[in-house]
Peer 1: 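Below you will find the structure I want to go over with you.
Values below: all heavy atoms of this structure, side chains included; hydrogens, waters and symmetry mates excluded. Just follow the structure's listing: the first ligand is 1, and inside any ligand the first atom is 1.
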Amino acid sequence: MQVEVLPSAVRNVVHSHRCGGRRIGLVPTMGALHVGHVSLMDAARRNCDFVIASIFVNPLQFGPNEDLERYPRSLEKDLQKCEAAGVDLVFTPQASQMYAPGAESEVRLTGLTRMLEGRHRPSHFDGVTTVVAKLFNITLPDQAYFGQKDYQQQLIIRRMVSDLDWGVEIVTCPIVREDDGLALSSRNRYLSPADRERSLVLFRALSLAQELAETASETPDSIARQMRQLFSDTDGVDLDYAVVVDCKTLELLTGRPECAVALIAARLGKTRLIDNQILRFR
Ligand code: AMP
(Lines give C-alpha, C1' and ligand atoms only; values in the text may rest on other atoms or scores of the structure.)
Protein backbone atom coordinates (compact mmCIF):
# COMPACT_ATOMS: atom_id res chain seq x y z
CA MET A 1 0.00 0.00 0.00
CA GLN A 2 1.27 3.39 -1.02
CA VAL A 3 1.02 6.41 1.32
CA GLU A 4 1.26 9.87 -0.23
CA VAL A 5 1.24 13.30 1.38
CA LEU A 6 1.53 15.49 -1.71
CA PRO A 7 -1.38 16.12 -4.10
CA SER A 8 1.09 16.14 -7.03
CA ALA A 9 2.30 12.62 -6.13
CA VAL A 10 -1.30 11.34 -6.02
CA ARG A 11 -2.02 13.01 -9.35
CA ASN A 12 0.90 11.15 -10.98
CA VAL A 13 -0.20 7.77 -9.64
CA VAL A 14 -3.81 8.39 -10.67
CA HIS A 15 -2.72 9.45 -14.15
CA SER A 16 -0.93 6.15 -14.79
CA HIS A 17 -3.88 4.08 -13.51
CA ARG A 18 -6.39 6.04 -15.57
CA CYS A 19 -4.23 5.53 -18.67
CA GLY A 20 -4.27 1.81 -17.88
CA GLY A 21 -8.10 1.94 -17.94
CA ARG A 22 -8.47 1.12 -14.24
CA ARG A 23 -11.57 2.10 -12.32
CA ILE A 24 -10.68 4.37 -9.41
CA GLY A 25 -12.64 4.43 -6.15
CA LEU A 26 -12.22 7.16 -3.52
CA VAL A 27 -13.16 6.88 0.18
CA PRO A 28 -12.80 10.29 1.88
CA THR A 29 -12.36 10.15 5.68
CA MET A 30 -11.08 12.20 8.58
CA GLY A 31 -9.28 9.19 10.09
CA ALA A 32 -9.84 7.63 13.54
CA LEU A 33 -11.10 4.77 11.39
CA HIS A 34 -13.70 2.28 12.58
CA VAL A 35 -15.70 -0.54 11.03
CA GLY A 36 -18.08 1.99 9.41
CA HIS A 37 -15.20 3.50 7.42
CA VAL A 38 -13.89 0.03 6.59
CA SER A 39 -17.31 -0.92 5.16
CA LEU A 40 -16.88 1.90 2.61
CA MET A 41 -13.41 0.62 1.73
CA ASP A 42 -14.76 -2.93 1.35
CA ALA A 43 -17.46 -1.68 -1.03
CA ALA A 44 -14.89 0.28 -3.04
CA ARG A 45 -12.63 -2.78 -3.13
CA ARG A 46 -15.47 -4.88 -4.57
CA ASN A 47 -16.30 -2.40 -7.35
CA CYS A 48 -13.04 -0.68 -8.29
CA ASP A 49 -9.59 -1.64 -9.56
CA PHE A 50 -7.68 0.99 -7.60
CA VAL A 51 -8.90 2.16 -4.18
CA ILE A 52 -7.79 5.46 -2.68
CA ALA A 53 -8.64 6.40 0.92
CA SER A 54 -8.00 9.95 2.06
CA ILE A 55 -7.32 10.76 5.71
CA PHE A 56 -7.57 14.47 6.38
CA VAL A 57 -9.01 16.29 9.38
CA ASN A 58 -10.35 19.17 7.32
CA PRO A 59 -10.08 22.41 9.36
CA LEU A 60 -12.48 24.18 7.00
CA GLN A 61 -15.46 22.09 8.13
CA PHE A 62 -15.05 22.80 11.86
CA GLY A 63 -16.68 25.87 13.42
CA PRO A 64 -14.74 28.13 15.84
CA ASN A 65 -16.19 26.42 18.93
CA GLU A 66 -16.07 22.87 17.60
CA ASP A 67 -13.70 19.98 18.32
CA LEU A 68 -10.96 20.44 15.66
CA GLU A 69 -8.15 20.39 18.22
CA ARG A 70 -9.40 17.37 20.13
CA TYR A 71 -10.65 15.43 17.09
CA PRO A 72 -9.07 11.94 17.46
CA ARG A 73 -5.99 11.27 15.34
CA SER A 74 -4.49 7.78 15.03
CA LEU A 75 -2.59 7.63 11.73
CA GLU A 76 -0.54 4.49 12.40
CA LYS A 77 -3.57 2.42 13.36
CA ASP A 78 -5.55 3.93 10.48
CA LEU A 79 -2.92 2.89 7.96
CA GLN A 80 -3.02 -0.67 9.31
CA LYS A 81 -6.80 -0.73 8.84
CA CYS A 82 -6.51 0.63 5.31
CA GLU A 83 -3.91 -1.99 4.45
CA ALA A 84 -6.08 -4.79 5.89
CA ALA A 85 -9.04 -3.49 3.85
CA GLY A 86 -7.01 -3.75 0.65
CA VAL A 87 -6.68 -0.01 0.01
CA ASP A 88 -4.08 0.70 -2.70
CA LEU A 89 -3.20 4.28 -1.84
CA VAL A 90 -3.74 6.43 1.25
CA PHE A 91 -3.65 10.19 0.73
CA THR A 92 -2.80 12.01 3.98
CA PRO A 93 -2.20 15.65 3.09
CA GLN A 94 -1.25 18.41 5.51
CA ALA A 95 -3.63 21.36 5.82
CA SER A 96 -0.94 23.61 4.34
CA GLN A 97 -0.89 21.47 1.19
CA MET A 98 -4.65 21.49 0.80
CA TYR A 99 -5.09 25.19 1.55
CA ALA A 100 -2.17 27.19 0.23
CA PRO A 101 -1.75 30.70 1.61
CA GLY A 102 -3.71 33.11 -0.53
CA ALA A 103 -6.31 30.54 -1.65
CA GLU A 104 -9.62 32.29 -2.33
CA SER A 105 -11.85 29.68 -3.94
CA GLU A 106 -14.50 27.60 -2.28
CA VAL A 107 -17.42 25.47 -3.41
CA ARG A 108 -20.65 26.49 -1.74
CA LEU A 109 -24.19 25.19 -2.22
CA THR A 110 -26.98 27.55 -1.33
CA GLY A 111 -30.01 25.40 -0.43
CA LEU A 112 -29.48 21.95 1.05
CA THR A 113 -26.47 23.17 3.03
CA ARG A 114 -28.49 25.77 4.91
CA MET A 115 -30.96 23.32 6.49
CA LEU A 116 -30.76 21.07 9.58
CA GLU A 117 -27.02 20.44 10.18
CA GLY A 118 -26.26 23.64 8.26
CA ARG A 119 -28.38 25.68 10.68
CA HIS A 120 -26.55 24.29 13.69
CA ARG A 121 -23.10 24.29 12.07
CA PRO A 122 -22.93 27.36 9.80
CA SER A 123 -20.23 27.01 7.10
CA HIS A 124 -19.67 23.31 7.97
CA PHE A 125 -20.92 22.09 4.60
CA ASP A 126 -18.99 24.81 2.73
CA GLY A 127 -15.86 23.21 4.19
CA VAL A 128 -17.10 19.74 3.22
CA THR A 129 -17.96 20.60 -0.39
CA THR A 130 -14.71 22.52 -0.86
CA VAL A 131 -12.52 19.68 0.41
CA VAL A 132 -14.47 17.00 -1.46
CA ALA A 133 -14.22 19.04 -4.68
CA LYS A 134 -10.46 19.25 -4.18
CA LEU A 135 -10.20 15.52 -3.42
CA PHE A 136 -12.20 14.75 -6.58
CA ASN A 137 -9.88 16.96 -8.64
CA ILE A 138 -6.75 15.38 -7.17
CA THR A 139 -7.85 11.74 -7.35
CA LEU A 140 -10.19 11.79 -10.41
CA PRO A 141 -12.33 8.92 -9.10
CA ASP A 142 -14.91 6.99 -11.11
CA GLN A 143 -16.77 6.33 -7.87
CA ALA A 144 -16.70 7.99 -4.44
CA TYR A 145 -18.03 6.28 -1.33
CA PHE A 146 -19.93 8.02 1.47
CA GLY A 147 -21.87 6.77 4.49
CA GLN A 148 -25.60 7.14 4.97
CA LYS A 149 -24.60 7.99 8.54
CA ASP A 150 -24.02 11.56 7.29
CA TYR A 151 -27.28 11.61 5.36
CA GLN A 152 -27.39 15.32 4.55
CA GLN A 153 -23.71 15.28 3.53
CA GLN A 154 -24.15 12.54 0.91
CA LEU A 155 -27.21 14.35 -0.46
CA ILE A 156 -25.20 17.57 -0.76
CA ILE A 157 -22.31 15.78 -2.49
CA ARG A 158 -24.78 14.24 -4.96
CA ARG A 159 -26.25 17.71 -5.62
CA MET A 160 -22.77 19.19 -6.12
CA VAL A 161 -21.72 16.43 -8.54
CA SER A 162 -24.91 16.87 -10.54
CA ASP A 163 -24.81 20.70 -10.55
CA LEU A 164 -21.16 20.84 -11.61
CA ASP A 165 -21.33 17.96 -14.13
CA TRP A 166 -18.72 15.88 -12.36
CA GLY A 167 -18.39 12.42 -13.86
CA VAL A 168 -18.18 10.78 -10.43
CA GLU A 169 -20.69 8.18 -9.30
CA ILE A 170 -21.62 8.66 -5.66
CA VAL A 171 -22.19 5.44 -3.74
CA THR A 172 -23.94 5.67 -0.36
CA CYS A 173 -23.23 2.79 2.03
CA PRO A 174 -25.49 1.65 4.91
CA ILE A 175 -24.96 2.78 8.50
CA VAL A 176 -22.82 0.38 10.55
CA ARG A 177 -24.01 0.15 14.17
CA GLU A 178 -22.86 -1.29 17.47
CA ASP A 179 -24.81 -4.35 18.62
CA ASP A 180 -27.07 -2.15 20.75
CA GLY A 181 -27.87 0.18 17.84
CA LEU A 182 -25.52 3.15 18.38
CA ALA A 183 -24.17 4.23 14.98
CA LEU A 184 -20.37 3.94 14.88
CA SER A 185 -18.70 7.34 14.97
CA SER A 186 -15.18 8.57 15.66
CA ARG A 187 -16.77 10.81 18.30
CA ASN A 188 -18.33 7.94 20.31
CA ARG A 189 -15.04 7.53 22.19
CA TYR A 190 -15.70 10.89 23.89
CA LEU A 191 -18.86 9.59 25.57
CA SER A 192 -18.70 8.97 29.33
CA PRO A 193 -20.19 5.60 30.38
CA ALA A 194 -23.38 7.40 31.47
CA ASP A 195 -23.65 9.30 28.18
CA ARG A 196 -22.92 6.09 26.23
CA GLU A 197 -25.98 4.58 27.94
CA ARG A 198 -28.08 7.68 27.23
CA SER A 199 -26.94 7.75 23.59
CA LEU A 200 -29.20 4.78 22.89
CA VAL A 201 -32.16 7.16 22.84
CA LEU A 202 -31.18 8.10 19.27
CA PHE A 203 -31.59 4.56 17.98
CA ARG A 204 -34.71 4.07 20.09
CA ALA A 205 -36.27 7.19 18.55
CA LEU A 206 -35.40 6.03 15.01
CA SER A 207 -36.80 2.54 15.68
CA LEU A 208 -39.96 4.14 17.07
CA ALA A 209 -40.21 6.30 13.93
CA GLN A 210 -40.04 3.22 11.70
CA GLU A 211 -42.63 1.41 13.82
CA LEU A 212 -44.98 4.41 13.63
CA ALA A 213 -44.47 4.81 9.88
CA GLU A 214 -45.99 1.35 9.50
CA THR A 215 -49.14 2.51 11.33
CA ALA A 216 -51.71 3.95 8.91
CA SER A 217 -52.89 6.78 11.19
CA GLU A 218 -49.44 8.33 11.73
CA THR A 219 -48.07 11.23 9.69
CA PRO A 220 -44.50 12.59 9.42
CA ASP A 221 -45.48 15.35 11.83
CA SER A 222 -47.00 13.02 14.45
CA ILE A 223 -43.97 10.74 14.19
CA ALA A 224 -41.53 13.63 14.68
CA ARG A 225 -43.50 14.80 17.72
CA GLN A 226 -43.30 11.35 19.32
CA MET A 227 -39.57 11.17 18.62
CA ARG A 228 -39.08 14.53 20.32
CA GLN A 229 -41.21 13.38 23.28
CA LEU A 230 -38.81 10.48 23.80
CA PHE A 231 -35.96 12.99 24.09
CA SER A 232 -37.90 15.23 26.51
CA ASP A 233 -38.31 12.15 28.69
CA THR A 234 -34.54 11.47 28.71
CA ASP A 235 -32.31 13.51 31.05
CA GLY A 236 -28.85 14.63 29.93
CA VAL A 237 -29.51 14.63 26.18
CA ASP A 238 -29.99 18.00 24.45
CA LEU A 239 -31.83 17.62 21.19
CA ASP A 240 -30.83 19.89 18.29
CA TYR A 241 -33.47 18.42 15.99
CA ALA A 242 -35.56 15.31 15.36
CA VAL A 243 -37.49 15.58 12.11
CA VAL A 244 -39.16 13.49 9.43
CA VAL A 245 -38.48 15.07 6.03
CA ASP A 246 -38.46 14.32 2.32
CA CYS A 247 -35.53 12.00 1.62
CA LYS A 248 -34.33 14.06 -1.39
CA THR A 249 -35.15 17.69 -0.56
CA LEU A 250 -35.11 17.53 3.27
CA GLU A 251 -38.30 19.64 3.21
CA LEU A 252 -41.01 19.05 5.82
CA LEU A 253 -43.75 16.72 4.62
CA THR A 254 -47.50 16.50 4.75
CA GLY A 255 -49.41 13.27 4.21
CA ARG A 256 -47.76 9.88 3.99
CA PRO A 257 -44.87 10.22 1.56
CA GLU A 258 -43.18 7.67 -0.67
CA CYS A 259 -39.74 8.41 0.66
CA ALA A 260 -39.01 10.02 4.00
CA VAL A 261 -36.05 10.08 6.33
CA ALA A 262 -35.98 10.60 10.09
CA LEU A 263 -32.96 12.70 11.07
CA ILE A 264 -31.68 13.37 14.59
CA ALA A 265 -28.89 15.48 16.07
CA ALA A 266 -28.35 15.57 19.83
CA ARG A 267 -25.69 16.67 22.29
CA LEU A 268 -24.52 14.57 25.24
CA GLY A 269 -22.07 16.55 27.35
CA LYS A 270 -19.62 18.02 24.83
CA THR A 271 -20.28 15.32 22.25
CA ARG A 272 -22.70 15.85 19.38
CA LEU A 273 -24.17 12.78 17.70
CA ILE A 274 -26.19 12.47 14.48
CA ASP A 275 -28.15 9.51 13.19
CA ASN A 276 -30.93 8.76 10.73
CA GLN A 277 -33.26 6.14 9.31
CA ILE A 278 -35.03 6.01 5.95
CA LEU A 279 -38.71 5.37 6.69
CA ARG A 280 -40.91 2.98 4.81
CA PHE A 281 -44.56 4.07 5.03
CA ARG A 282 -47.07 1.27 4.56
P1 AMP B 1 -15.69 10.86 8.77
O2 AMP B 1 -14.32 10.31 8.95
O3 AMP B 1 -16.49 10.94 10.02
O4 AMP B 1 -15.69 12.15 7.97
O5 AMP B 1 -16.46 9.81 7.86
C6 AMP B 1 -15.96 9.41 6.63
C7 AMP B 1 -17.03 8.63 5.90
O8 AMP B 1 -17.39 7.48 6.65
C9 AMP B 1 -18.31 9.47 5.69
O10 AMP B 1 -18.80 9.23 4.39
C11 AMP B 1 -19.22 8.90 6.74
O12 AMP B 1 -20.59 9.03 6.42
C13 AMP B 1 -18.79 7.45 6.79
N14 AMP B 1 -19.20 6.84 8.06
C15 AMP B 1 -18.96 7.33 9.30
N16 AMP B 1 -19.55 6.54 10.23
C17 AMP B 1 -20.17 5.54 9.56
C18 AMP B 1 -20.97 4.42 9.96
N19 AMP B 1 -21.25 4.18 11.23
N20 AMP B 1 -21.45 3.62 8.99
C21 AMP B 1 -21.18 3.86 7.68
N22 AMP B 1 -20.44 4.89 7.25
C23 AMP B 1 -19.94 5.73 8.17
Side-chain angles (χ1 to χ4, degrees), residues 25-48 51-63 66-68 70-75 77-79 81-82 85 87 90-93 95 98 112-113 116-117 121 124-136 139 141 143-161 168-191 196 199-200 202-203 206 261 263-265 271-278:
L26 172 69
V27 181
T29 82
M30 297 208 298
L33 300 181
H34 51 63
V35 179
H37 297 113
V38 171
S39 74
L40 308 189
M41 294 170 191
D42 289 342
R45 185 69 283 164
R46 284 195 295 276
N47 296 327
C48 301
V51 176
I52 303 175
S54 61
I55 298 178
F56 179 54
V57 182
N58 174 30
L60 225 56
Q61 70 189 69
F62 288 78
E66 293 185 356
D67 58 348
L68 173 62
R70 70 171 194 143
Y71 195 83
R73 289 159 172 89
S74 53
L75 187 59
K77 277 192 198 156
D78 289 350
L79 292 178
K81 288 178 186 164
C82 290
V87 169
V90 180
F91 177 40
T92 61
M98 289 299 270
L112 277 176
T113 55
L116 298 167
E117 278 301 279
R121 305 183 68 189
H124 165 66
F125 285 125
D126 302 341
V128 171
T129 47
T130 299
V131 79
V132 171
K134 288 172 71 74
L135 291 170
F136 284 180
T139 62
Q143 292 188 324
Y145 289 77
F146 293 86
Q148 187 199 315
K149 162 78 170 35
D150 295 274
Y151 189 88
Q152 189 173 359
Q153 170 175 281
Q154 57 84 36
L155 218 53
I156 286 166
I157 301 298
R158 285 173 182 275
R159 179 85 264 155
M160 174 180 85
V161 162
V168 184
E169 183 189 345
I170 303 303
V171 181
T172 304
C173 298
I175 302 173
V176 179
R177 299 181 176 281
E178 302 280 5
D179 288 344
D180 61 7
L182 178 66
L184 295 193
S185 161
S186 307
R187 290 184 169 101
N188 290 351
R189 69 191 70 191
Y190 299 145
L191 295 168
R196 173 66 183 79
S199 70
L200 293 179
L202 278 83
F203 184 63
L206 294 172
V261 59
L263 296 162
I264 297 177
T271 306
R272 190 166 179 282
L273 300 179
I274 57 171
D275 201 349
N276 68 83
Q277 160 92 43
I278 292 173

Peer 1: With respect to Leu26, which candidate in Phe91, Tyr145, Phe136, Phe146 satisfies the side chain to side chain contact (heavy atoms under 4.5 Å, CB included) definition?
Peer 2: Phe136
Peer 1: Nearest 0.5 Å, please: how far is CD in Glu66 from CZ in Arg121?
Peer 2: 4.0 Å
Peer 1: Collect the protein residues that have a non-hydrogen atom under 4.0 Å from ligand 1 and hand them over in chain and number order.
Peer 2: Pro28, Thr29, Met30, His34, Gly36, His37, Leu40, Tyr71, Phe146, Gly147, Lys149, Asp150, Gln153, Pro174, Ile175, Val176, Leu184
Peer 1: How many angstroms lie between CG in Asn188 and OG in Ser199, if you round to the nearest 0.5 Å?
Peer 2: 7.0 Å
Peer 1: When rounded to the nearest 0.5 angstrom, what is the spacing between CG in Leu184 and NZ in Lys149?
Peer 2: 9.0 Å
Peer 1: Below 4.0 angstrom, N of the basic side chain to O of the carboxylate: do Asp275 and Arg177 qualify?
Peer 2: yes
Peer 1: Okay, side chain of Asn276, backbone of Gln148: is any donor-acceptor separation there less than 3.5 Å?
Peer 2: yes
